[in-house]
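Right, one structure below, let's go through it.
Computed from a predicted structure; not experimentally measured. Convention: sequence-line order gives letters A, B, ...; per-chain numbering from 1.
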Number of protein chains: 2
Amino acid sequence: MKPDVYAANCPTRQILDRVGDKWAVLILLLLREEPMRFNRLRRTIEGISQKMLSQVLKSLERDGLIRRHAIATVPVTVEYSITQLGLTLAGAVDPLRDWAEQNLKDVLSAQRRYDAQQKEEAA
Amino acid sequence: MKPDVYAANCPTRQILDRVGDKWAVLILLLLREEPMRFNRLRRTIEGISQKMLSQVLKSLERDGLIRRHAIATVPVTVEYSITQLGLTLAGAVDPLRDWAEQNLKDVLSAQRRYDAQQKEEAA
DNA sequence: CGGGATCCGCATCGATACTG
DNA sequence: CAGTATCGATGCGGATCCCG
């Protein structure tokens, strides 16, 4: 492993921050399925505020991961779609999603074991 | 893709939160290299407070991703190591790290383009 | 429809001091 | 050495209102 992976400003850290963003990856995976408009995204993703949505969309666009396409209708229509770069990032996230689905049960049972252990020691 | 990937409590979301944790993955990758003791980790990871370190270590242990081994010396010696489960998670993170190293340049240049565009439109 | 601007509470995190 | 406890700043994110 590259030594600077543990430094504060290594590439991995920056990307991990992106991926770690509560909504960014979710949006990326959604847009990989199909292009979508603002309010459709808003409705599809439970619990996101429009402030967060517009903020995350903007930063994803800034990173070149998604593209914003405004059509001058009245009222205005805006469609978001994933870029080639975004597509490759989404692909790199897939193993993580697979891992999650396969191993969540193990994680949860580990948590239960840990909590029971702690409780026992407290007594 | 599974439909519930966009719900608030899907497995992926939970794991993504873990991975998104600023320090958790870093620690995981470090412990994959070799087992380490508390202060060694603290020194190796720049900028982490001991509060955060102990907190993240505890939650990683709770999830069954790392193991804590205390040796009754004076003063006490504690060694942390990665588990089998943690090893597989670290493996799932690798594609992401590779992506980061390969594509960070593209992301940065996209950001510069975006910022220049914004500045121009403001004028 | 697709956002921007503002206000504000709450959780997160760092710094410091202390302990077995 | 390996943490825990407490305090205090700050900034993220939700709620609300408004606009082109």
Side-chain angles (χ1 to χ4, degrees), chain A residues 8-9 13-14 16-27 30-31 34-62 66-81 114 117-119 121-122, chain B residues 6 8-9 13-14 16-27 30-31 34-62 66-81 114-115 117-119 121-122:
Chain A
N9 58 352
R13 187 93 135 228
Q14 296 185 48
L16 247 35
D17 282 352
R18 247 260 145 282
V19 172
D21 183 289
K22 188 173 181 181
W23 308 109
V25 170
L26 247 38
I27 293 175
L30 257 177
L31 292 180
E34 54 175 330
M36 273 196 212
R37 292 167 53 185
F38 190 88
N39 279 328
R40 171 94 185 282
L41 281 166
R42 182 155 160 51
R43 280 190 305 270
T44 306
I45 305 174
E46 306 173 9
I48 193 170
S49 66
Q50 106 278 46
K51 176 183 174 180
M52 274 299 97
L53 180 55
S54 94
Q55 194 171 298
V56 174
L57 285 172
K58 207 180 296 181
S59 74
L60 284 173
E61 189 197 357
R62 180 171 183 261
I66 68 173
R67 189 174 14 242
R68 180 182 189 272
H69 185 54
I71 310 162
T73 53
V74 180
V76 65
T77 301
V78 180
E79 195 168 66
Y80 292 93
S81 58
Y114 182 91
Q117 183 74 15
Q118 293 305 101
K119 197 175 163 188
E121 285 174 11
Chain B
Y6 312 117
N9 58 352
R13 187 94 136 228
Q14 295 184 49
L16 246 36
D17 282 352
R18 247 264 140 281
V19 171
D21 183 290
K22 188 172 181 180
W23 307 109
V25 170
L26 246 39
I27 293 175
L30 256 177
L31 292 180
E34 55 175 330
M36 272 195 211
R37 292 167 53 184
F38 189 88
N39 279 328
R40 172 92 185 283
L41 281 166
R42 181 155 161 54
R43 280 189 307 269
T44 307
I45 305 174
E46 305 171 9
I48 193 170
S49 66
Q50 100 278 48
K51 176 184 172 179
M52 274 297 98
L53 181 55
S54 95
Q55 194 171 298
V56 175
L57 285 172
K58 208 179 295 181
S59 73
L60 284 173
E61 189 198 357
R62 180 169 182 264
I66 67 173
R67 188 174 15 243
R68 188 188 121 106
H69 185 55
I71 310 162
T73 54
V74 180
V76 65
T77 301
V78 180
E79 196 168 65
Y80 291 92
S81 58
Y114 182 91
D115 294 344
Q117 183 75 13
Q118 293 305 101
K119 197 175 165 188
E121 286 176 11

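Separating the CD atom of Glu46(A) from the P atom of dG13(D) is a distance of 18 Å, rounded to the nearest angstrom. Taking atom NE2 on His69(B) and atom C1' on dC1(D), their separation rounds to 16 Å, with Å as the unit. Taking atom CE on Met36(A) and atom C1' on dG2(C), their separation rounds to 16 Å, with Å as the unit. Protein atom CD of Glu121(B) is 15 Å distant from nucleotide atom C1' of dG4(C), rounded to whole Å. In this structure, Arg42(B) places its CZ atom 14 Å from C1' of dT4(D), rounding to the nearest Å. Rounded to a whole Å, the CD1 atom of Ile48(B) is 13 Å from the C1' atom of dG3(D). Here the C1' atom of nucleotide dG3(D) and the NZ atom of Lys58(B) are 8 Å apart, to the nearest Å. Remark: P of dC1(C) and CG of Leu41(A) are 14 Å apart, rounded to the nearest angstrom.
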Enumerate all atom pairs, one protein N or O and one N or O from nucleotides 7-13 of chain C, separated by less than 3.5 Å.
none

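Here dG3(C) is the nucleotide among dG3(D), dG3(C), dG20(C) with the atom lying nearest to any side-chain atom of Tyr80(A). With distances taken from any side-chain atom of Ser54(B) to the nucleotides dG3(D), dC1(C), dC1(D), the minimum falls on dG3(D). Taking only side-chain atoms of Arg68(A), from C-beta outward, the nucleotide of dG20(D), dG3(C), dA2(D) with the closest atom is dG3(C).
Across all non-hydrogen atoms, the minimal contact from Tyr80(B) to Leu41(B) is CD1-CD1, 4.3 Å. Contact detail for Ile27(B) and Ile45(B): the closest heavy-atom pair is CG1-CD1, 3.6 Å.
When the local axes at the two ends of the helix from dC1(C)-dG20(D) to dG20(C)-dC1(D) are compared, using 5 base pairs at each end, they differ in direction by 50° after rounding to 10°.
Side-chain contact check for Asn39(B) versus Gln50(B): every heavy-atom pair is 4.5 Å or farther apart. Proximity of Ser59(A) to Arg18(A): side-chain heavy atoms (C-beta onward) are separated by under 4.5 Å at one or more points. With a 4.5 Å cut-off on side-chain heavy atoms, Leu57(A) and Arg68(A) do not count as touching.
The distance from the CG atom of Leu26(A) to the CG atom of Leu31(A) is 10.5 Å, given to the nearest 0.5 Å. In this structure, CD in Glu61(B) is found 12.5 Å from NE2 in His69(B), a value given to the nearest 0.5 Å.
Residue Arg37(A) places none of its side-chain N or O atoms closer than 4.0 Å to OP1 or OP2 of dC1(C).
Mapped onto DNA chain D by nearest heavy atom, Pro75(A) and Gln50(A) fall at different nucleotides, with Gln50(A) at the one closer to the 5' end.
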* Take Trp23(A) and Gln55(A) through the side chain to side chain contact (heavy atoms under 4.5 Å, CB included) test and state the conclusion after the steps. => CA-CA 10 Å; Trp23(A) 308 109; Gln55(A) 194 171 298; over 6 Å; no
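Salt-bridge formation is detected for the pair Glu34(A)/Arg40(A): a Lys NZ or Arg NE/NH1/NH2 atom is positioned less than 4.0 Å from an Asp or Glu carboxylate oxygen.
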